[in-house]
Amino acid sequence: MERIEKTGFGEMKLIQDPEDFCYGIDAVILADFSNSICPDAETIVDLGTGNGIIPLILSHKNRKASITGIELQAKPAEMARRSIEMNGLQNRLSIKQGDIAEPEVYSGMYADMVTCNPPYFSKGGGIPNEKRAKFIARHETTAVFEDFAKAAATLLNGKGDFFIVHRPSRLVDIFYYCRKYKLEPKTIRFVAPKEGCNPNIVLIHCTANGGKELKFRQTLFVYNQDGSYTDEIHQIYERKSEQCHINLQI
């Protein structure tokens with residue numbers, strides 16, 4: 001059943017259906033990571049936008065950018081459109097339904113920044129989810145990571161920035177396909193549950209036709225040793241430690 005939720009980013013609200021797929025920490029930290037590096041982006045495209053949470057957060061952080069989300073599934077795309085209308089952002093945000101594995105979906109579009117929270121599991125990988133919407137969101141079905149890299153390179157047209165959130169286990173694939181399409185990895189940040197744990201999320205920044213130099217940011221920890229959220233997580237969510245629930249689904 002659909003519900004309207006406060007995101008905590010200003011007065012921004014989001015329509016989502018817990019029976020299908022709800023956004024988690026990966027979307028939030030990707031929006032924060034990309035905006036921290038490119039706060040003045042003017043034209044942004046979010047590939048595989050789902051219910052539109054990344055465009056909505058970015059519109060809060062960057063009040064001048066024009067942002068388009070591209071989404072394969074009809075229901076999340078329709079919910080994203082209604083969330084945009086509910087927040088009065090039709091003049092800056094839009095949603096396009098289509099499969100980014102098909103180049104005609106983004107033909108004629110250009111951006112100076114592209115974000116991407118793609119399915120984490122390769123075809124045949126992971127444990128299938130009984131809900132089709134969740135399965136498509138988490139597993140490569142029609143589009144594989146190469147399709148996302150190709151779409152980003154086309155949209156950037158030789159100049160601009162590409163931001164990805166993914167699993168560390170897919171790093172070799174990510175770097176291979178990014179370089180194949182002349183998207184040079186420039187910044188990487190690992191995310192771990194807490195100090196002493198291996199990272200389970202990775203944030204990557206690439207530039208189109210960039211030079212070969214990769215910089216590492218300090219690891220982002222989600223929890224303190226006592227199980228409370230770290231100060232940086234509260235800062236990213238723009239919430240004080242005593243404030244409402246943080247969705248950490250990944």
Side-chain angles (χ1 to χ4, degrees), residues 20-21 23-24 26-27 30-31 33-34 38 41 43-59 65-81 83-84 93-126 132-167 170-171 173-185 202-208:
D20 288 331
F21 191 81
Y23 79 92
D26 45 3
L30 175 62
F33 180 68
S34 59
C38 295
T43 306
I44 302 171
V45 174
D46 181 45
L47 302 175
T49 199
N51 58 20
I53 184 61
I54 292 175
L56 286 168
I57 295 174
L58 286 174
S59 73
S66 173
I67 309 171
T68 301
I70 301 178
E71 169 56 33
L72 169 66
Q73 300 185 78
K75 183 177 178 181
E78 190 268 339
M79 285 194 293
R81 291 190 185 102
S83 290
I84 289 169
L93 273 62
S94 63
I95 301 296
K96 185 172 185 178
Q97 186 188 346
D99 188 346
I100 63 97
E102 301 173 358
E104 59 268 23
V105 170
Y106 51 85
S107 177
M109 296 174 61
Y110 297 98
D112 55 10
M113 184 172 109
V114 177
T115 55
C116 175
N117 182 7
Y120 287 157
F121 299 109
S122 59
K123 287 186 177 181
R132 176 171 170 78
K134 290 183 179 180
F135 181 84
I136 291 174
R138 292 171 174 164
H139 297 73
E140 294 177 344
T141 51
T142 57
V144 296
F145 183 76
E146 180 175 7
D147 296 312
F148 287 89
K150 181 180 179 180
T154 302
L155 287 161
L156 294 173
N157 194 29
K159 183 179 180 181
D161 300 88
F162 180 37
F163 294 91
I164 312 146
V165 62
H166 220 298
R167 296 291 195 191
R170 298 293 304 277
L171 269 174
D173 291 337
I174 293 167
F175 284 177
Y176 174 81
Y177 287 115
C178 284
R179 273 198 165 172
K180 179 178 179 178
Y181 292 98
K182 298 182 179 180
L183 299 168
E184 185 64 24
V202 63
L203 297 161
I204 303 165
H205 164 226
C206 302
T207 59

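The figures here come from the full heavy-atom set of this structure, side chains too, leaving out hydrogens, waters and symmetry mates. Nothing fancy with the numbering, it's 1 onward along the sequence. Nothing here was measured: the structure is a model prediction, and the numbers come from that model.
- Annotation: the span from Phe145 atom CZ to Asp173 atom CG amounts to 8.5 Å, rounded to 0.5 Å.
- Residue Ala80 comes nearest to Gly50 through the heavy atom pair CB-O, 4.0 Å, listed as atom of the first residue, atom of the second, then distance.
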Check the pair Leu93 / Leu58 against side-chain contact (heavy atoms from CB on, under 4.5 Å), numbers first and verdict last.
CA-CA 10 Å; Leu93 273 62; Leu58 286 174; over 6 Å; no
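- Residues Ala208 and Gly158 share a closest heavy-atom pair of CB-C, 3.6 Å.
- Contact check for Tyr176 versus Glu146: no side-chain heavy atoms found under the 4.5 Å cut-off.
- Listed by chain and residue number, nothing satisfies the ring-ring contact (aromatic ring centres under 6.0 Å, His included) test with Phe148 (two or more places apart in sequence, or in another chain).
- Shortest non-hydrogen contact noted between His166 and Pro118 is CD2-CG, 3.4 Å.
- Annotation: side-chain contact (heavy atoms from CB on, under 4.5 Å) contacts of Thr207 (sequence neighbours excluded): Asp161, Lys186, His205.
- The two residues Ala151 and Leu47 come nearest to each other via the heavy atoms CB-CD1, 4.0 Å.
- Not counting sequence neighbours, Tyr106 has no partner by the side chain to side chain donor-acceptor pair (under 3.5 Å) test.
- To the nearest 0.5 Å, atom CG of residue Leu155 and atom CD1 of residue Ile100 are 9.5 Å apart.
- A donor-acceptor pair under 3.5 Å is absent between the side-chain atoms of Ser107 and the main chain of Glu104, judged by distance alone.
- A search for side-chain contact (heavy atoms from CB on, under 4.5 Å) contacts involving Ala77 returns Glu71, Arg81, Ile95, Gln97, not counting sequence neighbours.
- Listed by chain and number, the residues in a salt bridge (charged side-chain N to carboxylate O under 4.0 Å, His left out) with Glu102 amount to none (sequence neighbours excluded).
- To the nearest 0.5 Å, the span separating OH on Tyr23 from CG on Asn51 amounts to 8.5 Å.
- The closest side-chain heavy-atom distance from Ile44 to Cys38 is not below 4.5 Å.
- Rounded to the nearest 0.5 angstrom, Leu156 CG and Tyr110 OH are separated by 11.5 Å.
- Side-chain contact between Asp147 and Asp99: absent, with no pair of heavy atoms (C-beta onward) separated by less than 4.5 Å.
- When only modelled atom types and interatomic distance are considered, Thr43 and Ser66 share no side-chain donor-acceptor pair under 3.5 Å.
- Among residues two or more places apart in sequence or in another chain, the side chain to side chain donor-acceptor pair (under 3.5 Å) test is passed with Asp46 by Thr49, Thr115.
- The shortest side-chain heavy-atom distance between Phe162 and Leu183 falls under the 4.5 Å cut-off.
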Q | Test side-chain contact (heavy atoms from CB on, under 4.5 Å) applied to Ile70 and Met109, step by step | A | CA-CA 11 Å; Ile70 301 178; Met109 296 174 61; 4.2 Å; yes
Pair Cys206, Phe175 - check side-chain contact (heavy atoms from CB on, under 4.5 Å), show working.
CA-CA 9 Å; Cys206 302; Phe175 284 177; over 6 Å; no
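- In Lys96, the NZ atom is crowded: over 12 heavy atoms of neighbouring residues, nucleotides or ligands sit closer than 6.0 Å.
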Which is it for Ile164 and Cys178 under the side-chain contact (heavy atoms from CB on, under 4.5 Å) test, yes or no, and what are the steps along the way? CA-CA 10 Å; Ile164 312 146; Cys178 284; 3.9 Å; yes
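- Side-chain contact between Ile53 and Asn117: absent, with no pair of heavy atoms (C-beta onward) separated by less than 4.5 Å.
- In terms of heavy-atom proximity, Ser34 sits nearest to Ala31 at OG-O, 3.1 Å.
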